[in-house]
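Along the sequence shown, residues are numbered consecutively beginning with 1.
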Amino acid sequence: MRTATMGPAQRAEALAAMAERELDVLVVGGGVVGAGTALDAVTRGLATGIVEARDWASGTSSRSSKLIHGGLRYLEMLDFALVREALKERGLLLERLAPHLVKPVPFLYPLRHKGWERVYAGAGVALYDAMSVSSGHGRGLPVHRHLTRGHALRAAPCLRRDALVGALQYYDAQMDDARFVAGLVRTAVAYGALAAGRAPVVGFLREGERVVGARVEDVETGGEYEIRARQVVNATGVWTDDTQGLIGERGQFHVRASKGIHLVVPKDRIHSATGLILRTEKSVLFVIPWGRHWIVGTTDTEWDLDKAHPAASSADIDYLLARVNSVLAVPLTRDDVEGVYAGLRPLLAGESEATSKLSREHTVAHPVPGLVVVAGGKYTTYRVMAKDAVDEAVHGLDRRVAECVTEDVPLLGAEGYRALWNARAGIAERAGLHVARIEHLLNRYGSMAEELLELVAADPGLGRPLTGADDYLRAEIVYAASHEDARHLDDVLTRRTRISIETFDRGTRSARECAELMAPVLGWDKRRIAREVEHYEKRVEAERESQLQPDDLTADAARLGAPDIVPI
């Protein structure tokens, strides 16, 4: 199928087109659930639009643990239905929907007690594997293994010998969460959806009690649009209550935010051939392979401060370092930390006061005619959430609508990916690039990597690595602005790439070069380039300052010292 270009012209055209006609479905929120909902709706033949207040995936959906997993710990909570559902989705993503973006990853679970723990934990992991296979989409991952202490230490020499008596190894999957959302949105656009980022909803259109659309502000170029739709879907995650407030409705449920922070450290700081999963007093801690880095996370604490920019405090960082150092032979220090990021989980409020015990199930409601709300859930099950939201919206349409087909709709880049992977050596030779560069592009863009290679063929300078972040090619920066709706430097350094968390300078060395590469695509002059770089540097400075503060309140105040480049 054809790909979709999402540049400045296409964004303007999409906003105008949404205002010119009545849509069947307008999705509010550009995270994974909103993007999945737009794809579900448009592939049922519905006239679909989606708007996002900031950049795509700029909230929770770019700040996760980057895992596609069944949730092994939910088995211990006896939440078998949630695990079974998530394992099916994991298999679909690995095998069919996004094999270019979702990859298997091994995890080692150290055992601390002889006898009973191996039986107990082994039974849980065996059930996890069995549920995966029984879903019909889990045969692509190796089954778990029982390891002696010696075998475990050979796989993970980083572990202290006294930190384990043996281990279990099992497999899950991982992805780049922000890139995944960008792929979802572009796939929806390729099927005919209209999409516009940086377009917050400032009010809902009403006829009596019925919601018939939304007023949307274009914060990039100015102006306001009235977008009429027969059904509006609120998929705004931790902003659900705020969005409901625009119609004077609190809604039928309440969404609480739980903050999770992650540290990024270089690969050479932890000597291991496998990821780690460690039990903590509250939950579990992951050490996740991430290219030339490790991701260490996460925390789980209540957050009721700024939702757009949750801040990691010094206490958060110390907590993660203490927990991971409890098993490492060579402890990590603050100096080892390249990047830190904080995200908010949207949890449905329950009886428990502890956020770690709130529901990870999702809920769909129709609080007033014309408005559907979807909230809760977990990243892995976004497609199920989207299906349920569209199913609910369809009840408000006066015609027969096709059933969900997204189980058989691969994301852009998936089709042909494996064939191109097999041919990567030849592609590298023709492109004049090292095969490692081609592998990098294929695992980020799938078969759309050919579009980046066309940019390099037209301008060989774009085939050079980026200064200060040589994992990435200069072509990727241009492509982000021309094809992936990146409107600002922060969009590129934080979400289209991960330079902001993968370098010790947090991307400041690469900032000017990136801005200059984006400038011709977005029509920036020298003043605008300078403004984008200055804003990014202030953002990094504010984040560093917040990470020195002792608690959430002071960290939040420090982070808010850097204003958004486009106020909302």
Is the number of heavy atoms from other residues, nucleotides or ligands under 6.0 Å of [X] [atom1] greater than 12?
| X | atom1 | answer |
| --- | --- | --- |
| Arg21 | CZ | no |
| Glu407 | CD | yes |
| Arg96 | CZ | yes |

So, [X] and [Y], do they make that salt bridge, N to O below 4.0 Å?
| X | Y | result |
| --- | --- | --- |
| Glu484 | Arg179 | yes |
| Arg496 | Asp55 | yes |
| Asp24 | Arg399 | yes |
| Asp471 | Arg498 | no |
| Asp491 | Arg198 | yes |

Trace of the side chain to side chain donor-acceptor pair (under 3.5 Å) decision for Thr406 with Arg383: CA-CA 8 Å; Thr406 53; Arg383 195 190 64 81; 3.1 Å; yes
Using modelled atom types and a 3.5 Å cut-off, is there a donor and acceptor pairing between side-chain atoms of [X] and backbone atoms of [Y]?
| X | Y | value |
| --- | --- | --- |
| Thr60 | Gly343 | no |
| Ser62 | Ala57 | yes |
| Tyr379 | Asp177 | yes |
| Thr5 | His483 | no |
| Arg11 | Gly197 | yes |
| Ser61 | Val32 | yes |
| Asp172 | His69 | no |
| Thr48 | Ala193 | no |
| Asp129 | Val143 | no |

Side chains of [X] and [Y] only: does a donor on one sit below 3.5 Å from an acceptor on the other?
| X | Y | value |
| --- | --- | --- |
| Glu502 | Trp290 | yes |
| Glu476 | Thr497 | no |
| Ser132 | Arg90 | yes |
| Glu220 | His488 | yes |

Roughly how far apart are [X] [atom1] and [Y] [atom2], rounded to 0.5 Å?
| X | Y | atom1 | atom2 | result |
| --- | --- | --- | --- | --- |
| Leu46 | Asp40 | CG | CG | 8.5 Å |
| Ser482 | Gln10 | OG | CD | 9.0 Å |
| Leu39 | Tyr191 | CG | OH | 7.5 Å |
| Thr380 | Leu67 | OG1 | CG | 7.5 Å |
| Ile438 | His434 | CD1 | NE2 | 10.5 Å |
| Met18 | Leu26 | CE | CG | 7.0 Å |

Closest non-hydrogen atom pair, [X] against [Y]:
| X | Y | value |
| --- | --- | --- |
| Ala173 | Val102 | CB-CG1, 3.8 Å |
| Leu420 | Glu450 | CD2-OE2, 3.7 Å |
| Ala14 | Ala195 | CB-O, 3.4 Å |
| Ala98 | Phe180 | CB-CE1, 3.8 Å |
| Ala375 | Val255 | CB-CG2, 3.8 Å |
| Leu72 | Gly124 | CD1-O, 4.1 Å |

I want to check something: taking the side chain as every heavy atom from C-beta on, are [X] and [Y] in contact at a cut-off of under 4.5 Å?
| X | Y | value |
| --- | --- | --- |
| Thr240 | Pro346 | no |
| Leu276 | Trp294 | no |
| Lys378 | Leu82 | yes |
| Ser500 | Arg495 | no |
| Arg54 | Pro200 | no |
| Val233 | Gln231 | no |
| Lys88 | Val384 | no |
| Leu127 | Phe80 | yes |

I would like to know whether Phe286 and Lys66 meet side-chain contact (heavy atoms from CB on, under 4.5 Å); could you show each step before the answer? CA-CA 11 Å; Phe286 287 102; Lys66 325 295 185 214; over 6 Å; no
Compute both the distance and the angle, then confirm whether Arg424 meets the cation-pi test with Trp421: under 6.0 Å from the six-membered ring centre, within 45 degrees of the axis.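 So Arg424 does make the cation-pi contact.
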Walk me through whether Val264 and Tyr341 qualify under side-chain contact (heavy atoms from CB on, under 4.5 Å). CA-CA 8 Å; Val264 182; Tyr341 65 93; 4.2 Å; yes
Fit a plane to each ring of His100 and Tyr417, take the angle between them on a 0 to 90° scale, and name the class: parallel (under 30°), tilted (30 to 60°) or perpendicular (over 60°).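 Ring orientation, 0 to 90° scale: tilted.
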Step by step, would you call Arg430 with Leu453 a side-chain contact (heavy atoms from CB on, under 4.5 Å)? CA-CA 10 Å; Arg430 289 192 298 274; Leu453 295 178; over 6 Å; no
Derivation and outcome, side-chain contact (heavy atoms from CB on, under 4.5 Å), residues Arg63 and His262: CA-CA 8 Å; Arg63 308 179 194 190; His262 296 79; over 6 Å; no
